[in-house]
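Everything numeric in this text was worked out from a predicted model, so none of it was measured. We count ligands from 1, going down the list as the structure has it; atoms in each ligand are counted the same way.
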Amino acid sequence: MKPTTPDSGRESRYMIRAFIFDLDGVLTDTAEYHYQAWKRIAEEYGLFFDRNANEQLKGVSRRRSLDLILEINQAGQRFNEQEKEQMVREKNRIYRNLLKNITDRDILPGIQGFLKEARERGLLLAVASASRNADSVLNRLGIKPVFDYIADAGQIARTKPDPEVFLDCCRNLGVLPHSCIGFEDSQAGIEAIRAAGMRSVGIRVKVTTLAPDLPYQGTEELDVQQVLDYFE
Ligand code: BG6
Ligand code: MG
């Protein structure tokens, strides 16, 4: 699996210092709740929206998600700014209602063990989510203390595929991007990781432009040793 390069005889080309995780769809299945909430908004406003279209929304901010739905429907001009703000607020209200039921049982399979082992091996851990609800989701899941740094989406100006949120994590962890691995379920996220100068692990990514460096079909397949062997 490990790529052969002229350097491969050397001890290691990179020392991996940190794992940086997306939240929705990687640590927990809230990606499904985002979909359900947007689906309700689309139905209410007579807009087309399906799971395929939803792939484009994964990883991008709340407001950019609405703009993408409107673009798909060529309906950007149909609503004024006030109505758009209202739609975004409504979507978040529906989404937060769905969040009320989540507990540590909603952590995706294999994630807890993976985080524990990564910590025991001395890796730094961070969360790079576009979600302004990340803090409350992590609290509900009960895994906040595991992370050395959690990016605040409210402080990030540019949404994925821009690398800003990943670079913010690297800076705050005090590590260089090339020694960090990013974990993502979205195409926008994989692009953001690449643009940050990091390498990527994909979780069931529907690839349209850029494939993850190391793809997995589900979180239950994640293995710390395998990830380190692949990248180091
Ligand atoms: C990302 C999700 O993690 O967060 C997107 O993949 C979502 O679907 C984005 O739009 C913003 O989330 P929130 O909770 O701030 O609306
Ligand atoms: Mg995601």
Could you go through the salt bridge (Lys or Arg N to Asp or Glu O under 4.0 Å) check for Lys39 and Glu44 one step at a time? CA-CA 9 Å; Lys39 182 76 182 160; Glu44 189 179 327; over 6 Å; no
Between the Mg ion (ligand 2) and Asp185, which N, O or S atom of the residue is the nearest one? OD1
So is there a nitrogen or oxygen of Ser131 less than 3.5 Å from a nitrogen or oxygen in ligand 1? yes
So the angle subtended at the Mg ion (ligand 2) by Asp24 atom O and Asp22 atom OD2, rounded to 10 degrees, is 90°
Identify, for atom 3 (O) of ligand 1, the protein heavy atom at the shortest distance, and state residue, atom and that distance. Asp24 OD2, 2.6 Å
Does Leu47 reach the side chain of Asn73, with side-chain heavy atoms less than 4.5 Å apart? yes
Can you list the ligand 1 atoms lying under 4.0 Å from a non-hydrogen atom of Lys91? 16 (O)
Does a donor on one side chain sit under 3.5 Å from an acceptor on the other, for Asn54 and Asp50? no
Exactly one candidate in Asp185, Val201, Val205 meets side chain to side chain contact (heavy atoms under 4.5 Å, CB included) with Tyr216; the answer is Val201
Within a distance under 4.0 Å of any heavy atom of Asn133, pick out the atoms of ligand 1 and give their elements. 13 (P), 14 (O)
Have Lys91 and His34 got a donor and an acceptor in their side chains that come within less than 3.5 Å? yes
Considering only the protein, which heavy-atom contact is closest to atom 8 (O) of ligand 1, and what is its distance? Leu57 O, 3.5 Å
Identity and distance of the protein heavy atom lying nearest atom 15 (O) of ligand 1: Arg132 N, 2.7 Å
Over 60° means perpendicular and under 30° means parallel, so classify the ring planes of Phe21 and Phe183, tilted if in between. parallel
Which option out of Ala128, Ala31, Ala130, Gly189 puts a heavy atom nearest to atom 11 (C) of ligand 1? Ala130
What residue and heavy atom of the protein are closest to atom 16 (O) of ligand 1, and at what distance? Arg62 NE, 2.7 Å
Polar contact flag, side-chain donor to acceptor under 3.5 angstrom, Tyr230-Asp213: no
Could you list which atoms of ligand 1 come closer than 4.0 Å to a heavy atom of Ser129? 3 (O)
For atom 10 (O) of ligand 1, the closest protein heavy atom turns out to be Val60 O, 2.8 Å
Looking at Glu164 and Arg171, does any basic side-chain N land under 4.0 Å from a carboxylate oxygen? no
Per-atom contacts, ligand 1 versus Lys58 - under 4.0 Å to a heavy atom: 6 (O)
Where ligand 1 meets Ser65 - atom numbers and elements under 4.0 angstrom, heavy-atom basis: 10 (O)
Within a distance under 4.0 Å of any heavy atom of Gly59, pick out the atoms of ligand 1 and give their elements. 2 (C), 5 (C), 6 (O)
Does this structure show an ion pair linking Glu81 with Arg63, if we count only N-O contacts that are shorter than 4.0 Å? yes
Donor + acceptor pair across side chains of Glu184, Ser200 (<3.5 Å): no
